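What follows is a single structure, written as structure tokens, with notes after it.
Treat the numbers as computed from the prediction; the structure is a model and nothing was measured.
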Number of protein chains: 2
Amino acid sequence: MAASTLTEVARLAGVSPATASRVLNGSARKPGKDIADRVRQAADSLGYIPNAQAQGLAKSSSGLIGLIVHDIADPYFAAIARGVQEAAREQRKMVLLATTEGAPADEKEAVAAFAARRADSIVIAGSRSSRSEDQEGNADLAAELDRYCRNGGQVGVVGHPVVGATAADGYHVLPVPNEELAASLAVELAASLDDDFVIIGGPEGLFTSDDRIRGFQRGLGKAGRPAAEVLRSAFNRSGGYEAGLALAAGIKASRSEDGGTAAGSSKRICIFAVNDVMAIGAAAALRSEGLRIPRDASIAGFDDIETLRDFRPALSTVHLPLEEIGRLATRSASGAGPGAGTGDDGPPSAITGKVTLRRSTETAA
Amino acid sequence: MAASTLTEVARLAGVSPATASRVLNGSARKPGKDIADRVRQAADSLGYIPNAQAQGLAKSSSGLIGLIVHDIADPYFAAIARGVQEAAREQRKMVLLATTEGAPADEKEAVAAFAARRADSIVIAGSRSSRSEDQEGNADLAAELDRYCRNGGQVGVVGHPVVGATAADGYHVLPVPNEELAASLAVELAASLDDDFVIIGGPEGLFTSDDRIRGFQRGLGKAGRPAAEVLRSAFNRSGGYEAGLALAAGIKASRSEDGGTAAGSSKRICIFAVNDVMAIGAAAALRSEGLRIPRDASIAGFDDIETLRDFRPALSTVHLPLEEIGRLATRSASGAGPGAGTGDDGPPSAITGKVTLRRSTETAA
DNA sequence: CTGTTAGCGCATTCAG
DNA sequence: CTGAATGCGCTAACAG
């Protein structure tokens, strides 16, 4: 038994399909009140559900928003996804999810799939990359996006533009002040701590990571501190853990150099991990090596992931309004259609974050 | 400039649309190698992307899987979503996301929306509820699901069947042994701890919560312990926090009764929170009241949320293969079509969890 | 093996 | 204000 169609509803109501369509969906013209009721009644007596595919075909617009993330189980993306979902709901649209592990080739596939479904807009949340291994994928992705935009699609990208994407109509970037915020974090940290700074970053070429590293170094410079050493590892918890292990070894080594008992003589280090999840991993590594925070090392992250806020010692970090980022990116990809003229998308709706110092970077006391 | 169509490709290749369709999509019959190449070349010279809406209309199947969760930012659902996504990828389908905050009325809307999009299957991940305020919503949801199934849709539900749903063809439930596992947890805890047990549960009527409470009590009974008192609050972090606050007050009160200095004379309590997120909230509350875990109270959760594993003291819990749950629920809603006969969906593919005791429930030492 | 014909379910011209 | 006709882009029966 197939779902009932508009035609069936019309027949039952004794009207034409056109009329039925007009009453059941918001048409410009309002049919007569009496006949409208008949149609509506017939509709739900049959349990009529409009076929969105057919509607989409006829109107060429699908009510779909495509969302691309690296990993939906990563709390960073999950939070953004929630914002996207909210915005979608406001627009009475549904969100189509694609996860790509950050591979531009997969992202290109996702864009093509969204285009095939005639998604009204696409939101790309994952960090852009300029790594050489991603060159080709990036080019393909850029081309696919370009085509999508040329066909009237809207895209909203969080953070940085896709590498190589021509600033087409309908292509919007929501800037995130990663660099500025990281600089502020460095300045605040430098003001209260005497520690030597070390950075745990993601792979070189990951924009989000690179921005935060650059900003942090700049802030350090502004505070009259030397640039920090940078350890590179995976942009996730285990990357943080590995780097943390290496740092722990270093801390222990420098201590024994200072002579066994003079435990306080070597300077404490302050670790800046470019995101909270890496910071937590690093903290776990230090702990597993018998080191304590903030006694033996201080540590700060970035993002202010909600689920991690109960972690002890409380993690110093930079708060980012993740949910709002998702919302804004989605809205930016829904505004004026192509040919709006000025190329300006109304108020830039800038994202603002906030340095949030907590126990993990207190002085050793 | 609209996207190019199959007809355009066909014209450019000098063949009929039917032939073009046959080569570009997997048809049973294979066109001649020479002509196939011409079509393929024409296709990507035009940047042809098939219109999934039109395909769906013609084939009446959309390649879409609908996923319903309470909140995508909740790590429990995020983990399941990842599993669903994986399974979807295996089937070369995309996932449509709907979040409902657990309201059956919204879930009904979501099902209708999925039905409108002709989703091939629907996965419902959120806990079922039998609360009176959800009665009406449940009935509507059940009716909507029933209709969806009758029209050939497949649905997979995690945990418990939707209240009132008639076991239609295409309706599959993936059981999660919440009760058994909670019982095992109680037994293991009772074996190593002398504590008095207290349970922090979600609102009465939430199946997942109720199952875990019931199981825990049963385990307690089996171990010769009296039933635990049950505190009810919201099924999330703040619910846990509030309940934790109440418990902290109780702990302090009973201590002062025992006389100020005899801090060890009143028995320690062991808190079982029905999920990890609530447990973390409760732990935070205790801590904020100056209590320490496991010294002043022990605590255990349920789910073994990955992001929470670095929490200290490490949380005792019951490990659940969340990702696999998502995968299996998705697969169960993709197997044999309607009319398969036996009503049996092959191997029950049972979910198994594992009691995982960690520091938060060690003896006070 | 290919081309032609006919819908899939709906929105939207047009005519009445 | 209503009904009949046309087409969205594609697939699946037919015919050649």
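- Salt bridge annotation for Asp74(A)-Arg82(B): absent, with no cationic side-chain nitrogen under 4.0 angstrom from a carboxylate oxygen.
- Counting only residues at least two apart or on different chains, the ring-ring contact (aromatic ring centres under 6.0 Å, His included) pairs with a member in residues 76-96 of chain B are His70(B)-Phe77(B).
- Taking Phe207(A) as the reference, His160(A) meet the ring-ring contact (aromatic ring centres under 6.0 Å, His included) condition, with sequence neighbours excluded.
- The interatomic distance linking Arg11(B) (CZ) with dT2(C) (P) rounds to 20 Å, in whole Å.
- One distance of note links CE of Met94(A) with CZ of Phe114(B); it measures 4.0 Å at 0.5 Å rounding.
- Rounded to a whole Å, the CZ atom of Arg22(A) is 8 Å from the P atom of dT2(D).
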Under 3.5 Å, N/O pairs linking protein and nucleotides 6-9 of chain D:
from   : atom 1 : to       : atom 2 : distance (Å)
dC8(D) : O2     : Ala58(A) : N      : 3.4

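- Tested against Ile65(A), the residues Asp120(A), Thr330(A), Leu96(A) include a single side-chain contact (heavy atoms from CB on, under 4.5 Å) partner, Thr330(A).
- Taking the C1' atoms of five terminal pairs at each end of the helix from dC1(C)-dG16(D) to dG16(C)-dC1(D), the two resulting helix axes are inclined by 40°, rounded to 10°.
- With distances taken from any side-chain atom of Ala18(A) to the nucleotides dT2(C), dG3(D), dA12(D), the minimum falls on dG3(D).
- At least one side-chain nitrogen or oxygen of Thr19(A) sits closer than 4.0 Å to the OP1 or OP2 atom of dG3(D).
- Residues forming a side chain to side chain donor-acceptor pair (under 3.5 Å) with Ser45(A) (at least two apart in sequence, or on another chain): none.
- One finds a side-chain N or O of Ser21(B) lying less than 4.0 angstrom from the OP1 or OP2 phosphate oxygen of dT11(D).
- Tyr148(B) meets the ring-ring contact (aromatic ring centres under 6.0 Å, His included) test with no other residue; sequence neighbours excluded.
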List the steps, then state whether salt bridge (Lys or Arg N to Asp or Glu O under 4.0 Å) holds for Asp146(B) with Arg150(B).
CA-CA 6 Å; Asp146(B) 202 53; Arg150(B) 266 200 315 264; 2.8 Å; yes
